[in-house]
Amino acid sequence: MNQIAGAHGRVLELAAGNGSKSRALATRALRLDATEATATGAQLVAAALAGHGMRTRAVRLAVPGRFARAPYDAAMVAELLYYLMPRAMTQTASDVARALRPGGTLVLAHHRIDFHGFAQHAAHIQLRFLAQTGQRWHVRSVRRTMRWIVLACCPS
């Protein structure tokens, strides 16, 4: 994905869905852990990563949860935060911040409008997530539309 420019060592992807973003991340990662909460989801991610060899893996993990190969050089959280209840988001924010190595990159990609099934409002969800990490961040908008926003975040 162009949000994570250049090659990175270990990359964590939370809530990989069907693995469509995982394939792109795998081309930029020396190691990729793509997580999904359900067994069926993890199977879809594993199928999407087929052919990328031993440096990628699909991991069944519901957040909040323990990340197996921390520290990570980069983490991608896309289309997840608004589905988390506030307490789960706070814990996930803390977990992600601890899992990133110093100077690591956090990419957040989420809708800016609410859809059915959201546990929280989409507006400013990424900034709320960053605040809950307990760290200060340098935030750069990578892509923004009326409905979508992608942020690249580095600890400051």
Exercise. Can you name the closest pair of heavy atoms from V45 and G17 and give their distance?
Worked result: CG2-O, 3.3 Å

Seminar exercise, completed: residues 11-48 vs ring-ring contact (aromatic ring centres under 6.0 Å, His included), sequence neighbours excluded, gives none

Problem set entry | Donor-acceptor contact below 3.5 Å, side chain Q135 vs main chain P155 | no

Exercise. Side chains of E36 and Q43: closer than 4.5 Å at any heavy-atom pair?
Worked result: no

For this session: Kindly indicate whether the side chain of L106, heavy atoms from C-beta on, has any atom under 4.5 Å from the side chain of W137.
Result: yes

For this session: Would you check if L108 and V150 make a side-chain contact, meaning some heavy-atom pair closer than 4.5 Å?
Result: no

Problem set entry | Sequence-distant partners of S22, side chain to side chain donor-acceptor pair (under 3.5 Å), two or more places apart | E13

Problem set entry | Min side-chain heavy-atom separation L100-L12 under 4.5 Å | no

Exercise. Going by the side chain to side chain donor-acceptor pair (under 3.5 Å) test, which pairs reach into residues 118-129, not counting sequence neighbours?
Worked result: H110-Q126, D114-H121

Exercise. Under the salt bridge (charged side-chain N to carboxylate O under 4.0 Å, His left out) criterion, do D73 and R101 qualify, and how do the steps go?
Worked result: CA-CA 6 Å; D73 297 299; R101 69 162 176 77; 2.4 Å; yes

Exercise. Under a 4.5 Å cut-off applied to non-hydrogen side-chain atoms, are K21 and E79 in contact?
Worked result: yes

Exercise. Between the main-chain N or O of R69 and the side-chain N or O of R10, is there a donor-acceptor pair closer than 3.5 Å?
Worked result: yes

For this session: Please identify each residue that fulfils side chain to side chain donor-acceptor pair (under 3.5 Å) with R57, with sequence neighbours left out.
Result: D33

Exercise. Quick one: are L14 and T92 in side-chain contact, heavy atoms under 4.5 Å?
Worked result: yes

Problem set entry | Close side-chain approach of C153 and T105, heavy atoms under 4.5 Å | no

Please list every donor-acceptor pair under 3.5 Å in which a side-chain atom of residues 81-91 meets a protein atom from a residue at least two apart or in another chain.
{"unit_1": "Y82", "atom_1": "OH", "unit_2": "H111", "atom_2": "N", "d": "3.0"}
{"unit_1": "T90", "atom_1": "OG1", "unit_2": "P86", "atom_2": "O", "d": "3.1"}
{"unit_1": "T90", "atom_1": "OG1", "unit_2": "Q132", "atom_2": "OE1", "d": "3.4"}
{"unit_1": "T90", "atom_1": "OG1", "unit_2": "Q132", "atom_2": "NE2", "d": "3.4"}
{"unit_1": "Q91", "atom_1": "NE2", "unit_2": "D95", "atom_2": "OD1", "d": "2.8"}

Problem set entry | Distance (rounded to the nearest 0.5 Å) between T56 OG1 and L30 CG | 12.0 Å

Exercise. Between R60 (side chain) and A37 (backbone), is there a donor-acceptor pair under 3.5 Å?
Worked result: yes

Exercise. Should V96 and T133 count as side-chain neighbours, where that means a heavy-atom distance under 4.5 Å?
Worked result: no

Problem set entry | Shared hydrophobic cluster, L44 / L25 (ILVMFWY, side-chain heavy atoms < 4.5 Å) | no

For this session: Check the side chains of S94 and R98 for a donor-acceptor pair under 3.5 angstrom, ignoring hydrogens and angles.
Result: yes

Exercise. Are the side chain of R23 and the backbone of L49 linked by a donor-acceptor contact shorter than 3.5 Å?
Worked result: no

Problem set entry | Pairs involving residues 19-73, ordered by first then second residue, that meet ring-ring contact (aromatic ring centres under 6.0 Å, His included) (sequence neighbours left out) | none

